[in-house]
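Heads up, the thing below is written out as structure tokens.
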Amino acid sequence: MQNPSLNGFSALQREEQLLQFFIINEDKLKPTLSSPAYFNGWSWQDIIKLMTATLYDITNNQILPQIESEIFDRTNYAYVSFMKLPPASDQTKRQLMAVMKRLLSTPAGRQSMSGALTALQTGVLKRYIMLGFERQKYIHFELTKVQRLRMPQEEIYNLMKTTILIRPLISLFAPNMGRNGGSQSLSPNYAEKITKQICKVIPALPDTIIRAGVNSAIAFQDDRNLETTARLSSIFSSRCAQMKEGMKIDRGAAASDQSWFNVARRNYKYYGYDFDMLTELYNISAENGW
Amino acid sequence: MVKPMKKSRDLIENFILFVILLVLVQTFVEDLAVLLGWSWSVRKTLVISGFGFDLFFSIEFLARYFSALKKGRAKHYLMKERGWIDLIASLPLLLFSSGPGVVALLEGAAYIKAASILNILKVVKTVRIARILRLLRLLKIFKKIKFVNAVMAQRHVTRIITTVISSFVLTLTAVSFLLAFVDIDDAETDFVEKHEIMARTAESLLDQGMGAVISEFEGYESVLIIRTHEGTIYTRHDNSFYDRWFGPSDYGYLESGEVEFFYSLKPLYAAESRSNILIFISIIVMLIVLMLTYSPHFALTITDPINIMFRGMSDSSYNLEVIVLDEFKEDGVYKLARQYNEEYLPLKARSNDQGQGGSALKMDDFEDLFK
């Protein structure tokens with residue numbers, strides 16, 4: 001986990017890289033790891049099982065306190081009252097935390113959690129939401145006029161935090177979904193079914209908020225009325241799942257976010273992103289050298 | 001056993017680089033000494049040290065050449081390892097410049113005599129021009145300086161600089177050498193003819209019994225001594241002054257009847273030194289300018305985009321785009337970079353997303369595991 005090649009990756013990304021490494025290099029690793037010096041005579045499946053369980057434990061020790069802190073201490077749920085919805089209680093937080101733990105017990109859940117957690121931990125989501133709001137262009141218009149979120153930008157950010165945490169829960173009910181949605185977008189009907197199922201496990205959280213999180217897996221081309229928070233959540237989950245913090249920008253290369261948003265603009269149909277939103281995010285990153 | 005040999009080879013190579021640096025300083029100071037009219041003892045020391053350096057580099061070249069010859073790599077050494085620079089910046093200088101100069105000093109060669117003075121001056125001029133070849137050694141130092149963090153950039157910039165500077169120096173040397181033998185009325189001819197007229201005038205004045213008028217030559221600073229069979233009738237300085245400031249080759253000598261006429265050749269040498277210093281500084285400036293302007297340009301337009309594309313193709317987690325500069329967008333490298341940005345990276349993103357991107361980890365990262 002401390003290998004220098006994994007510098008800049010989050011705990012979940014490191015775990016994923018290691019597991020990927022084991023799978024790719026099975027032929028080379030198997031003879032060594034099955035030798036008397038390591039797991040004498042064990043089958044490859046048993047070795048992988050043990051490795052995976054150990055890795056999960058190591059990663060969980062790091063990320064569970066982070067998730068707990070995000071849910072219980074660092075997120076203000078006051079946005080619910082601005083949306084004229086029943087106020088969030090401690091029960092909401094506990095239900096959310098419980099479902100997160102359940103999510104982390106599955107490989108697909110862990111993969112899909114990576115982007116959301118990185119977006120919150122690194123502050124990437126916050127800086128783009130704040131700037132997007134201040135610029136008063138497309139993102140601001142979509143948030144305030146289209147989705148009609150009449151609340152301060154800080155509350156919008158808190159709403160985004162919850163939305164982006166809901167998104168990975170889709171994998172609990174749609175196991176075949178790609179890590180970040182990808183080309184395997186949900187159909188609006190299927191998304192609605194998943195929303196209902198998630199509502200059952202987090203009944204204390206208003207379904208409007210859960211719906212936006214689940215709708216982030218619907219391609220924008222399939223539903224032009226998609227919530228702005230869903231569209232943003234979709235982009236930032238994907239962006240942060242592939243993010244490598246502190247990446248050295250080589251001379252002559254575009255900055256990390258700028259490169260990612262530009263590549264995403266070329267793949268927008270494939271991933272079902274909102275092209276105009278990507279363009280504004282690209283402009284923000286280019287203006288700020290991110 | 002290999003390591004101490006490499007260490008001693010490095011030590012020798014570093015010593016040679018240090019000597020190259022010294023010879024460049026020596027070449028500059030030797031010309032400066034002539035230009036500023038430093039004392040003969042200093043200039044003599046510089047001439048001898050120049051010979052020492054040329055001898056050293058001639059031996060170095062022969063050692064390298066025969067060592068390469070023994071290994072069957074003589075052509076490779078001469079062509080690929082810039083042995084040709086070692087050659088033209090050593091043996092020709094030893095044989096035609098500093099060597100004859102030191103021989104003349106050892107023989108105590110007297111002043112340049114009247115009859116063939118113009119031809120001799122032309123040879124002297126040619127010999128001085130040949131000294132410019134020493135500047136080619138700059139390229140050897142330059143070769144060792146790692147000024148760009150990319151092997152390809154370093155090689156290309158070194159080649160450009162070697163081509164520009166060597167062609168400049170070689171052309172200058174060759175053309176100057178050829179022009180020295182073209183019969184034209186140049187400054188040297190004019191200078192010598194002027195003194196021939198003065199010698200004849202002195203003879204005529206003495207024939208007419210107007211010896212006192214000889215003192216009028218005081219106004220011509222190059223006129224040093226006028227002598228007849230009766231002895232010295234005019235001298236600008238006393239003997240101790242001549243001993244201190246003039247060497248044998250600094251005197252021009254003319255005979256006109258009974259008159260012996262000595263004049264200073266220093267103004268001609270100073271003009272040559274001025275040209276040499278100008279060339280020396282021009283080459284240094286050219287080298288610095290090429291290093292400071294061309295190297296970053298090469299890195300910016302060639303190595304940087306290639307490096308980014310290479311990383312993007314070999315590291316699954318590297319997804320930075322190449323910034324395509326508008327002014328170079330039609331360059332092949334940037335056309336390729338556009339393809340990389342617009343086609344390769346989006347496809348790579350999709351492939352990574354489908355779990356086909358591999359891992360950032362390589363087997364080498366776990367070498368301890370297999371020990």
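All chains are named by letter (A, B, ...) in the order of the sequence lines, taking the proteins before the strands, and each is independently numbered beginning at 1.
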Quiz item: Okay, side chain of A/Ser259, backbone of B/Leu320: is any donor-acceptor separation there less than 3.5 Å?
Solution: no
Segment of [X] engaging chain B (4.5 angstrom heavy-atom cut-off):
X: A/Ile249; answer: both
X: A/Met247; answer: side chain
X: A/Ala255; answer: backbone

pair [X]-[Y]: side-chain heavy atoms closer than 4.5 Å:
X: B/Pro346; Y: A/Tyr270; answer: no
X: B/Asn341; Y: A/Arg266; answer: yes
X: B/Glu321; Y: A/Val263; answer: yes
X: B/Arg350; Y: A/Tyr271; answer: yes

Self-check item: From A/Gln17 atom CD to B/Ser316 atom OG, the distance as rounded to the nearest 0.5 Å
Solution: 5.5 Å
Quiz item: How many angstroms lie between CG in B/Asn319 and CG in A/Asn262, if you round to the nearest 0.5 Å?
Solution: 11.5 Å
Practice problem: Look at B/Glu342 together with A/Arg265 and state whether they make a salt bridge at an N to O cut-off of under 4.0 Å. | Solution: no
Quiz item: Non-hydrogen atoms of chain A under 4.5 Å away: do they reach the side chain of B/Ile323, the backbone, both or neither?
Solution: both
Quiz prompt | Greater than 12 external heavy atoms within 6.0 Å of B/Tyr65's OH | solution = no
Exercise. State whether the number of non-hydrogen atoms from other residues, nucleotides or ligands found under 6.0 Å of A/Phe275 atom CZ is greater than 12.
Key: yes
Practice problem: Please report the closest heavy-atom contact between B/Ala349 and A/Asn267, naming both atoms and the distance. | Solution: CB-ND2, 3.8 Å
